[in-house]
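Each chain gets a letter, A, B and so on, in the order the sequences are listed, and its residues count up from 1. Fair warning: this is a prediction, and the values are worked out from it, not measured in the lab. Values reported hereafter were calculated over all heavy atoms of this structure, with side chains retained and with hydrogens, waters and symmetry mates removed.
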Amino acid sequence: MSSTVSNKPPSSLFKGKAKATDFDDLNPVITYRQLHSHNLGVKDPLRVIALCDSDAFYAACEQVRLGIDPSQPLVVQQWDSLIAVNYPARKFGITRMEKIKEARRKCPELIVVHVATYKEGESQPGYWDNPDTLTHKVSLDHYRRESNKVIRMFQEGLPSGEIEKASIDEAFIDFTKPVREDILRRYPYLAKVPPDAPDGPDSPLPPPPPISWEGLGTVIPINPASPESAATEGCDSGAHLTHDGSQDIDINDDLTTWHDVALSIAAELMGKIRRDIHEKLGYTTSAGIARNKFLAKLTASYKKPNSQKTSQSILRNAAIPTYLRPTPFQKIRFLGGKLGKAIAEEYDVSTVGDLLTDEMQRKFGEESIWVYEILRGIDRSEVKEKAAVNKSMLAAKNLPQPITKASQGHHWIRVLAAELALRLREAREELPTLWPKTLVLHARQGYETGRSKQASFPFTRNATVDVIASAGDRLWRELVGTDVSRTAPLKVTHVALGFTGVECMDAGQRSIEGFFRAPTTSNDVDYAGVSEGAHKRKRGSEDFEDDLGTWRSRSKTDSNISDTRPPQTGSSTSFLCGKCGKRVELPDGLSGEGIEDDFKAEALAALRVEHDDFHLAQELAKQLSSDDSPRKIRPAEKPQSKVKRQRPPEGIARFFRK
DNA sequence: GTGGATGAG
DNA sequence: CGCTCATCCAC
């Protein structure tokens, strides 16, 4: 079944009078069959998603690291400006991007922590006394590590929930599954279709129980908000009382749906995890809970301008239209940039409601289905567990004092290489089979067109600063040449070194992981040897370049060459499986001639064992008959694909193709 | 492959 | 508009 979910809006859209169908799925009937389904995916009427983010994360990281009282105003400094401001500091009117002097003027007591930096010669970043942008490079490593701790707590707290790390301080959580489990636990009478149900499993569920939102967070009201008593804060509103006593119609039982029950359970679970994170790690978080990612994200920022208190907000389906309509659409993910600006200027509109008119709908056309749906609170994108690591790893540096001699490049390349080495090593603590396929060097001259050069990165278990730096140096020479070879003047203002194609080896190669760990437990990344048998001698970077050069120049044809050799010479890079007749190959990085034969032989043996295991597992699987694995439904996803630009025409048309 | 563009914070 | 990082896509 390759047909995708229909992306087409109702045809009424293009015939005017679409209003009646806007927001028409806010209270779907929920049947026993749906409740007991496990694979409804984004169409699940009980879907519940949360977006949880850390408050002023970098600042919180430093506050925790230094054991500072969280009520103290604290900022994180990067060179002369601020990159994070905690809530106590915000009370003084201090904002991000402010100059450090200005901030100090506003608050003399301000605690200022400069972000950690690398400096040349150090394999690790540190909190130096006077970091200098001329010689140091910012390190965000500590924040990445802390971020991973938070993510891990989400995962542990929700074994059956899906987690998607959205940024260093944000994650989406799909509560649908854990919530469903909870519903069935709490309301066991839902487990069976009643014998007298008119349509059997397709009968609607009985009316939901009343919900107490108390302690669960801020419930966004259904009715147009009077600014004061708009939302009900579950924990302190004392049931349903507000100042003027006029609100609260929205906490009305007959408006309660099973989806609200689901939201409330998610809110409970979310609150638990957030408290747990606060206790164990010291970080305060905010959360938004709604029926999809986009709304969850929007909900998380509900009414918390400068309110320090840890908070979470809940958006009931019934509240979606009133909440969405006045929302400036540029606050919506992916509409915050040029696209949003283009729409705003083209049509002179600013809110979601402005865009809900028939005229707008016609203008957007069918290709803009993503926008159409988003404006109506529909978002089919899935909470998709990200590969545990990113596909790329980049260390970049802007040079306030441009490089004018090619020979100066080495300096920065070493610094960037040190960062990459550390990050890769740390990533491999979790995922030993991690392997960056290529190393890329970018360099930009002033405003000129930056250029980049890349090369395959050799497999090595212990990617040292030296290995990375010498490969980087080689790229540098290819990119900018050498002092003597250059004729034109040089003025490099930006250098970046990065890994791309960072991936775990796949299952067939998994057992090779032993080779990553094996003998080295040393933390000494500056040690010049590569530690496995392949490179024994201690030597300088020149030698490394030779090795890398050898590796690079021959790697392409390696597998073919070695394939013709007798399997026992030790340099074979593949074997033929007797069971399936397939040829199983070593991964590229292990098959080059820069790798010693005995190392390859060992790797091959491991591969063999792995491959046999694979067949064993297959046979076992065969005996366990029924595989009712849920069919994957492709959701409408990724605005990028909707708004792709090609030879952009003028104005808004740049974003929407006919 | 690589540079450009975009977006987020 | 200062800096850092990631991803996608057209050429």
Could you tell me how far apart [X] ([atom1]) and [N] ([atom2]) are, to the nearest whole angstrom?
| X | N | atom1 | atom2 | value |
| --- | --- | --- | --- | --- |
| A/L394 | B/dG3 | CG | P | 13 Å |
| A/R444 | B/dG4 | CZ | C1' | 11 Å |
| A/H136 | C/dT4 | NE2 | P | 14 Å |
| A/E98 | C/dC1 | CD | P | 12 Å |
| A/L479 | B/dG1 | CG | P | 17 Å |
| A/K384 | C/dA6 | NZ | C1' | 17 Å |
| A/R96 | C/dT4 | CZ | P | 13 Å |
| A/N398 | C/dC1 | CG | P | 16 Å |

Do [X] and [Y] have a side chain donor and acceptor closer than 3.5 Å?
| X | Y | result |
| --- | --- | --- |
| A/K331 | A/S301 | no |
| A/T285 | A/R274 | yes |
| A/S286 | A/D55 | yes |

- Does NZ or CZ of A/R65 come closer than 6.0 Å to the centre of the six-membered ring of A/Y127, within 45° of the ring's axis? yes
Nearest to side-chain heavy atoms of [X], which nucleotide of [options]:
| X | options | value |
| --- | --- | --- |
| A/R451 | B/dG3, C/dA6, B/dG9 | B/dG3 |
| A/W79 | C/dC3, C/dC5, B/dG9 | C/dC3 |
| A/K338 | B/dG1, B/dG7, C/dT4 | B/dG7 |
| A/V138 | B/dG7, C/dT4, C/dG2 | C/dT4 |
| A/K391 | C/dT7, B/dT2, C/dC5 | C/dT7 |

Can you tell me if [X] touches the phosphate of [N], counting only side-chain N or O atoms and a distance under 4.0 Å to OP1 or OP2?
| X | N | answer |
| --- | --- | --- |
| A/Q78 | C/dT4 | no |
| A/R144 | C/dC5 | yes |
| A/S392 | C/dT7 | yes |
| A/K297 | B/dG9 | yes |
| A/K137 | C/dC5 | yes |

- Message: With a 6.0 Å cut-off on the ring centroids, do A/H114 and A/W128 count as close?
- Response: no
- Message: Under 4.0 Å, counting only non-hydrogen atoms across every strand here, what does A/E419 touch: a base, just sugar-phosphate, or nothing?
- Response: sugar-phosphate
